[in-house]
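Here the structure comes first, spelled out in structure tokens, and everything after it is commentary.
Every heavy atom of this structure was used, including side-chain atoms; hydrogens, water molecules and symmetry mates were not.
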Amino acid sequence: MNPSNEAKHDDESALADFLSSLMDYTPTIPDELVEHYLAKSGFQCPDVRLIRLVAVATQKFIADVASDALQQCKARQSAVVKDKKDKQQKDKRLILTMEDLSRALRDYGVNMKHQEYFADSPSTGMDPTSRDE
């Protein structure tokens, strides 16, 4: 057996092992949800392994986007803290905004636009005199 055939055999056995492991794996995203959106896009597949493979890929994509959005949020809030040294640094809660999510999605080629009336804070767009009430 030459090296290229041996490597091909190893790849095929690794793929077969991976696909069989998907049968025992319960993804975070339910099979029914994945099947619904695949059917909505015109894709029908009776193989549960393929459905779970799409679920795992989707889960990875969502985790990557969430991680990148968190990094955007941390960078934005650290820049605000540097500008406002006099403010107490006691409150270390992170506030994820649509802008953070938009920037993270833009890195993956997804352009997200929100409506003009959408606000990142409840007081945005309100009359300044009614904000204190």
Side-chain angles (χ1 to χ4, degrees):
M1 201 179 242
N2 67 13
S4 65
N5 284 342
E6 197 172 297
K8 185 178 177 181
H9 178 63
D10 289 343
D11 289 345
E12 288 175 1
S13 65
L15 179 60
D17 291 343
F18 176 70
L19 288 175
S20 67
S21 71
L22 286 175
M23 291 302 292
D24 300 329
Y25 178 71
T26 305
T28 303
I29 302 171
D31 292 344
E32 294 80 15
L33 183 65
V34 175
E35 287 174 357
H36 168 76
Y37 281 104
L38 286 176
K40 195 172 178 180
S41 68
F43 183 80
Q44 295 289 331
C45 180
D47 192 353
V48 176
R49 297 174 302 176
L50 187 59
I51 301 296
R52 291 195 179 154
L53 182 63
V54 171
V56 168
T58 305
Q59 182 178 338
K60 167 105 172 69
F61 176 75
I62 291 171
D64 288 348
V65 169
S67 176
D68 290 352
L70 177 63
Q71 296 307 316
Q72 292 283 340
C73 177
K74 286 179 179 178
R76 178 182 46 79
Q77 287 188 324
S78 69
V80 169
V81 169
K82 288 178 184 174
D83 292 341
K84 298 180 180 181
K85 293 268 186 190
D86 58 337
K87 190 174 182 181
Q88 288 182 345
Q89 295 181 5
K90 194 175 188 180
D91 189 17
K92 294 190 181 215
R93 291 180 296 165
L94 297 174
I95 301 170
L96 184 68
T97 62
M98 290 299 292
E99 185 62 32
D100 298 329
L101 185 59
S102 294
R103 287 182 183 158
L105 284 169
R106 200 172 305 133
D107 293 342
Y108 292 92
V110 178
N111 294 319
M112 188 174 88
K113 296 179 182 177
H114 53 291
Q115 299 296 327
E116 290 182 25
Y117 62 83
F118 187 84
D120 283 333
S121 71
S123 61
T124 302
M126 291 179 59
D127 182 28
T129 57
S130 65
R131 287 185 184 176
D132 297 330
E133 296 175 9

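Using a 4.5 Å heavy-atom cutoff, the side chains of Thr58 and Val34 are not in contact. Between Thr97 and Arg76, some side-chain heavy-atom pair lies under the 4.5 Å cut-off. Within the 4.5 Å cutoff, side-chain heavy atoms of Val56 are placed close to those of Leu22.
Put simply, CD on Glu99 and SG on Cys73 are 12.0 Å apart, with the number rounded to the nearest 0.5 Å. Atom NZ in Lys40 sits 15.5 Å away from atom CD in Glu35 (nearest 0.5 Å).
Transitive grouping of hydrophobic side chains (ILVMFWY, heavy atoms separated by less than 4.5 Å) brings Leu105 and Met98 into a common cluster. Leu96 and Val110 are not part of a single hydrophobic cluster, where members link through side-chain heavy atoms under 4.5 Å apart. Under the 4.5 Å side-chain heavy-atom criterion for ILVMFWY residues, a single connected hydrophobic cluster contains both Val54 and Ile62. The hydrophobic clustering, which links ILVMFWY residues whose side-chain heavy atoms are closer than 4.5 Å, places Tyr108 and Met112 together. With hydrophobic clusters built from ILVMFWY side chains whose heavy atoms lie under 4.5 angstrom apart, Leu53 does not share a cluster with Met23.
With respect to Arg52, the side-chain hydrogen bond (donor to acceptor under 3.5 Å, both in side chains) criterion is satisfied by exactly one of Asp31, Thr26, Asp24: Asp31.
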Show your working on side chain to side chain contact (heavy atoms under 4.5 Å, CB included) between Leu38 and Ile51 and close with a plain yes or no.
CA-CA 9 Å; Leu38 286 176; Ile51 301 296; 3.7 Å; yes
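Summarising the geometry of Leu94 relative to Gln77, their closest heavy-atom pair is CD2-OE1, 3.0 Å, with the distance given to 0.1 Å. Considering all non-hydrogen atoms of both residues, Leu50 and Cys45 come closest at CD2-SG, 3.4 Å. What you find for Ala69 and Ala104 is that their closest heavy atoms are N-CB, 3.5 Å.
Here the two rings, on Phe43 and Tyr37, have centers that are 6.0 Å apart or farther.
A salt bridge links Asp64 to Lys60: one of the charged nitrogens lies within less than 4.0 Å of a carboxylate oxygen.
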